[in-house]
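Please read the structure below before turning to the comments.
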Amino acid sequence: MASHRKPRQRPLSSGTVRTAATLALAGAATATAFEGTSHADPRTTPAQVKAEVDRLYGDAEAATERYNGAKVKADEAERALTGLRDEAARKEDRLNTARRSLGALAATQYRSGGLGPALQLAMATDPQDYLERASLLTRAGDRTAADVASVRRGLDEVGRLRARAAGQLADLRARQDELAGQKALIEDRLATARRLLARLTAEERAAYEAQSGTGGSGGTGPAPAGAPRGTAPAPPAPSDGSRAARAVAFAYAAIGKPYVWGATGPGSYDCSGLTQAAWKSAGVSLPRTTYTQINAGQRVTRDRLAPGDLVFFYAGVTHVGMYVGNGQMIHAPRPGSTVRLAPVDSMPWAGASRPA
């Protein structure tokens, strides 16, 4: 019976393949249109390339957060499915034991049957003994009827569990399809961005990286060369032993680790994976995605930010960093970059929250 306990790995369905193929073809068409325009028009500037790359990275980051959300739901669906299958298996074991017991009793009665109660009484050598045994048999029959009713209830319950498991399996497959679709979209956008960046000269690409806040040093101290004008020096990590201080210290220790979409550490992170891991190190559990993390604590205004607060960006709340003071945050910017310090005002503001 142990084989029921773990659902078999399911290959990608034809629907998943079609979804991924559609997304990939759509992304390829977008990239081809842009690249075709660029080759046909020699006046395409590095600024235009930067704008398109920024859009692609934005699409990829939004898809990453959707992927993270779908991954959480897929994991929950898989755990629920496993639990239902385990519960159904335990109940089936008990049900089978009860059915075997009833079967043995039925066989015994069949072998000893044949004479009606009146005839058995007439032929009994000791009528009083027969009556006592008949009373016992009546009570045993009552228990047998109760056992039969219990088996019937067990069958109904196992049937309901199997139906729930079937529904949970359908939910899991839908989540897996969603994961495959978001993964295809992310990888398409990133591949297109890499092709566009490869057409820039080394100097143009360095300028782009500096303007995007993803180039230069990832360490603490003075702002790196090429950082946006007005960048303040990085403040020291707070040392008051508070949860916020521990979360900030974790974020500082992660500086220099690569951005990898969908990653939660310890070797690499995406933006919400970093903030989740940092606060987890301080004993606070945060949800997985940017659009759930913003509602996980107390909302704070921009003028009341304190180290450890989470700062969110873009209209869709698709990026998050950790505020560390002096107008600075630590964040995992995008693929190809590393965890680093950046000004809070380097991206469109969406809000802030303070984890409890």
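Note that this is a predicted model, so its numbers are computed, not measured. Numbering starts at 1 and runs along the sequence shown.
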Tell me whether [X] contacts the main-chain N or O of [Y] through its side chain, where contact means a donor paired with an acceptor under 3.5 Å.
X: S272; Y: R288; value: yes
X: W279; Y: G308; value: yes
X: Q48; Y: T45; value: yes
X: N326; Y: Q328; value: no

In Å, rounded to the nearest 0.5 Å, how long is the span from [atom1] of [X] to [atom2] of [Y]?
X: D270; Y: Y259; atom1: CG; atom2: OH; value: 5.0 Å
X: Q168; Y: R79; atom1: CD; atom2: CZ; value: 11.0 Å
X: Y57; Y: R194; atom1: OH; atom2: CZ; value: 7.5 Å
X: T275; Y: K280; atom1: OG1; atom2: NZ; value: 13.0 Å
X: L197; Y: Y208; atom1: CG; atom2: OH; value: 5.5 Å
X: N68; Y: E65; atom1: CG; atom2: CD; value: 5.0 Å

Does a salt bridge link [X] with [Y], judged by any charged N lying under 4.0 Å from a carboxylate O?
X: D59; Y: R55; result: yes
X: D75; Y: K71; result: yes
X: E178; Y: R175; result: yes

Are [Y] and [X] linked, directly or through intermediate hydrophobic residues, by side-chain heavy-atom contacts shorter than 4.5 Å (ILVMFWY only)?
X: Y323; Y: L286; result: no
X: Y269; Y: V317; result: yes
X: V260; Y: I255; result: no
X: L310; Y: L274; result: yes
X: I294; Y: I330; result: yes

### Residue pair T290, Y314: steps toward the side-chain contact (heavy atoms from CB on, under 4.5 Å) verdict
CA-CA 11 Å; T290 52; Y314 300 103; over 6 Å; no
Write down the atom of [X], the atom of [Y], and the distance for their closest heavy-atom approach.
X: A244; Y: P307; answer: CB-O, 3.5 Å
X: P335; Y: L190; answer: CG-CD2, 3.5 Å
X: G267; Y: P258; answer: O-CD, 3.3 Å
X: I186; Y: A63; answer: CG1-CB, 3.5 Å
X: M329; Y: P343; answer: CE-O, 3.8 Å
X: T64; Y: G262; answer: CG2-N, 3.9 Å

### Task
With salt bridge (charged side-chain N to carboxylate O under 4.0 Å, His left out) as the test, would you mind laying out the steps for R160 and E157 before giving the verdict?
CA-CA 5 Å; R160 287 192 295 270; E157 191 170 359; 5.0 Å; no
Less than 4.5 Å apart, any side-chain heavy atom of [X] and any of [Y]?
X: V344; Y: R302; result: yes
X: E187; Y: W261; result: yes
X: L56; Y: L196; result: yes

### Task
Could you tell me how the ring of H319 sits relative to the ring of H331: parallel (under 30°), tilted (30 to 60°) or perpendicular (over 60°)?
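Plane angle over 60°, so perpendicular.
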### Task
Applying side-chain contact (heavy atoms from CB on, under 4.5 Å) between V248 and each of S242, P238, S239, report the one that passes.
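That would be P238.
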### Message
If you apply the rule side-chain hydrogen bond (donor to acceptor under 3.5 Å, both in side chains), what do you find for T82 with R85, and how did you get there?
### Response
CA-CA 5 Å; T82 300; R85 285 176 165 170; over 6 Å; no
### salt bridge (charged side-chain N to carboxylate O under 4.0 Å, His left out) evaluation trace for D54 with K50
CA-CA 6 Å; D54 286 345; K50 176 186 182 302; 2.6 Å; yes
### Message
Does K257, at its NZ atom, have more than 12 non-hydrogen atoms belonging to other residues, nucleotides or ligands within less than 6.0 Å?
### Response
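Enclosed: over 12 neighbouring heavy atoms sit under 6.0 Å from NZ of K257.
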### Query
Where do L185 and R66 land on the side-chain contact (heavy atoms from CB on, under 4.5 Å) test, with the steps shown first?
CA-CA 11 Å; L185 179 59; R66 292 193 296 270; 3.5 Å; yes
### Task
Please test Q293 against Q276 for side-chain contact (heavy atoms from CB on, under 4.5 Å), starting from the C-alpha separation and ending with a verdict.
CA-CA 8 Å; Q293 287 183 7; Q276 183 188 52; 3.8 Å; yes
### Message
Going by the rule side-chain hydrogen bond (donor to acceptor under 3.5 Å, both in side chains), which residues pair with R246 if we only count those two or more places apart in sequence or in a different chain?
### Response
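By the side-chain hydrogen bond (donor to acceptor under 3.5 Å, both in side chains) rule, R246 matches no residue at all.
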### Task
Could you list all the side-chain hydrogen bond (donor to acceptor under 3.5 Å, both in side chains) pairs where at least one residue sits in residues 347-356, not counting sequence neighbours?
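Matches after skipping sequence neighbours: D309-R354.
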### Task
Evaluate the criterion side-chain contact (heavy atoms from CB on, under 4.5 Å) for residue pair F313 and E61; output intermediate values, then yes/no.
CA-CA 11 Å; F313 304 94; E61 187 158 45; over 6 Å; no
